Amino acid sequence: MLSSLSRLGFTFKRLLSLLSTPPKMAYNTEVLRCDPASISFDSASRPVISSQETSAALLRAAKLLNGKETVAFPTETVYGLGADALDAIASSKIYAAKGRPPDNPLIAHVSSHEMLQRLLPHSYAIPPVYEILMRHFWPGPLTLLFPTNHEVVPPLITANQPTVAIRMPSHPVARALIALADTAVAAPSANSSGRPSPTRAEHVLKDMNGKIALILDGGPCDVGLESTVVDGLHEDGNLRILRPGGITVEGIENALRAEMGDGETVPKVLVHRRDFRDEAMEQAPTTPGMKYRHYSPTVPVVLLRITAPPSSVQPQSVQAFVESIVSKRPHGKQMRIGLMVPSDSPLRARMTAFGGVEWVPYLLGRRSEPEVSAQRLFDGLLTLDNMGVDLIVVEAIKEEKEGLAFMNRVSKAAGETIWIDSSEV
Ligand code: AMP
Ligand code: MG
């Protein structure tokens with residue numbers, strides 16, 4: 001046991017040194033179209049593809065993955081940058097292309113339950129609560145932590161931890177690609193580390209052009225932000241949400257209540273930082289965005305909250321806020337400010353009434369549609385950034401359903417939070 005651990009430790013260090021070497025070759029990045037509607041799956045989870053163009057693109061991508069190269073592809077959450085998760089050299093190219101810190105582990109994506117089993121220790125019995133979650137939410141934006149099979153999963157993927165994060169994506173292009181490559185695919189978001197995650201192929205191309213071999217363009221992503229990461233391996237039987245995401249806490253609680261029999265204890269669903277803290281985990285960093293800056297466009301982001309501020313904070317009037325921004329503009333230059341607000345927010349009319357600023361609104365759906373806000377968040381940050389605005393102002397939404405994940409991402413993207421006097425809006 002000890003000797004095998006030290007062997008793994010050695011391999012891990014060697015791989016870390018590999019990562020610090022910049023990639024020698026610049027790629028001539030190809031973009032190939034895939035039509036998700038042309039892909040279905042048979043009862044053995046094998047893809048059946050009716051479009052020639054899509055089939056050819058997927059086969060080309062699978063061949064690249066099997067040749068240890070990286071490929072960006074759409075998932076239902078965001079575009080992923082994929083490489084063979086069971087090959088350390090291949091996966092090291094993800095870290096190199098993204099500039100990702102080597103202690104940030106990757107999620108392994110599978111296309112079938114049989115592929116899941118290949119990543120787990122041979123004698124491991126999947127806990128009943130995971131069976132429930134997989135039945136309800138797989139394929140889909142839910143990532144589960146499992147004990148890793150050290151003989152199969154390179155320590156690079158898990159950042160040398162005893163667990164491996166696994167999910168089965170529902171996007172037909174993602175699932176078909178993984179099935180055709182016939183290997184688990186590590187696939188973090190296909191962006192430079194620290195930037196907002198891409199939700200369209202154009203976002204990936206702008207950021208990753210020349211750094212990766214191929215981008216599969218399957219249109220915009222439905223969910224728009226990353227998977228929910230769940231750790232259900234604690235002895236108390238409770239589920240810990242390490243990262244809120246596409247599957248809501250409410251959805252998980254409902255599934256558990258619906259499936260657990262009378263007399264069975266329904267596990268609690270604990271959200272990191274809301275219901276529990278874990279300093280060691282934050283240093284690991286097994287909770288994204290804790291140790292490193294995340295989701296930030298190149299221009300500053302300000303988060304506007306209209307709820308009651310903490311006692312130490314004085315809320316501002318809309319006028320004072322706008323004046324404070326305008327006073328910082330370079331002499332003689334009109335400021336362009338991106339304004340990401342729900343379409344039924346009174347804040348939009350209040351803000352845009354002020355002159356001296358060119359306002360560029362980007363609407364987030366109605367206040368009652370947090371799933372639309374979530375789907376549009378990264379697209380809004382990237383679109384406004386590409387339009388060359390000087391600043392992006394985002395209105396906070398309720399931390400319920402998909403709003404929890406929205407606020408998790410935007411809080412990390414924002415350099416500053418301002419509380420607006422609620423009596424004004
Ligand atoms: P992403 O950057 O979307 O690929 O998500 C990767 C994130 O999943 C990491 O930053 C971790 O927060 C989480 N994760 C991956 N593997 C593990 C693991 N073994 N233990 C805990 N969290 C993990
Ligand atoms: Mg990411």
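Every number for a ligand or one of its atoms is a count from 1 in the order of the listing. No experiment lies behind these values; they were computed from the predicted model shown.
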Before we go on, tell me: are the rings of Phe378 and Tyr295 under 6.0 Å apart, centre to centre?
yes

On a heavy-atom basis, which atom in Arg100 and which in Pro188 lie closest, and how many Å separate them?
NH1-CB, 3.5 Å

Contact check, Asn104 vs ligand 1, heavy-atom distance below 4.0 Å:
yes

For [X], atoms of ligand 1 separated by under 4.0 Å from a heavy atom:
X: Ile107; result: 5 (O), 6 (C), 8 (O)
X: Leu242; result: 21 (C), 22 (N)
X: Ala165; result: 15 (C), 16 (N), 17 (C)
X: Arg243; result: 1 (P), 3 (O), 5 (O)

Does any N, O or S atom of Tyr295, backbone or side chain, fall under 2.8 Å from the Mg ion (ligand 2)?
no

Under-4.0 Å heavy-atom contact with ligand 1, by part of Leu145 that carries it
side chain

Hey, what's the ring geometry for Phe146 with Tyr124, parallel, tilted or perpendicular (30° and 60° as the breaks)?
perpendicular

In Leu404, Leu239, Thr228, the residue satisfying side chain to side chain contact (heavy atoms under 4.5 Å, CB included) with Val271 is Leu404

In plain terms, say whether Arg60 and Glu30 are close enough for a salt bridge, that is, a side-chain N and a carboxylate O under 4.0 Å apart.
yes

Tell me which one of Arg240, Arg100, His294 gets a heavy atom nearest to atom 6 (C) of ligand 1.
Arg100

Heavy atoms of other groups near Arg274 CZ, more than 12 under 6.0 Å:
yes

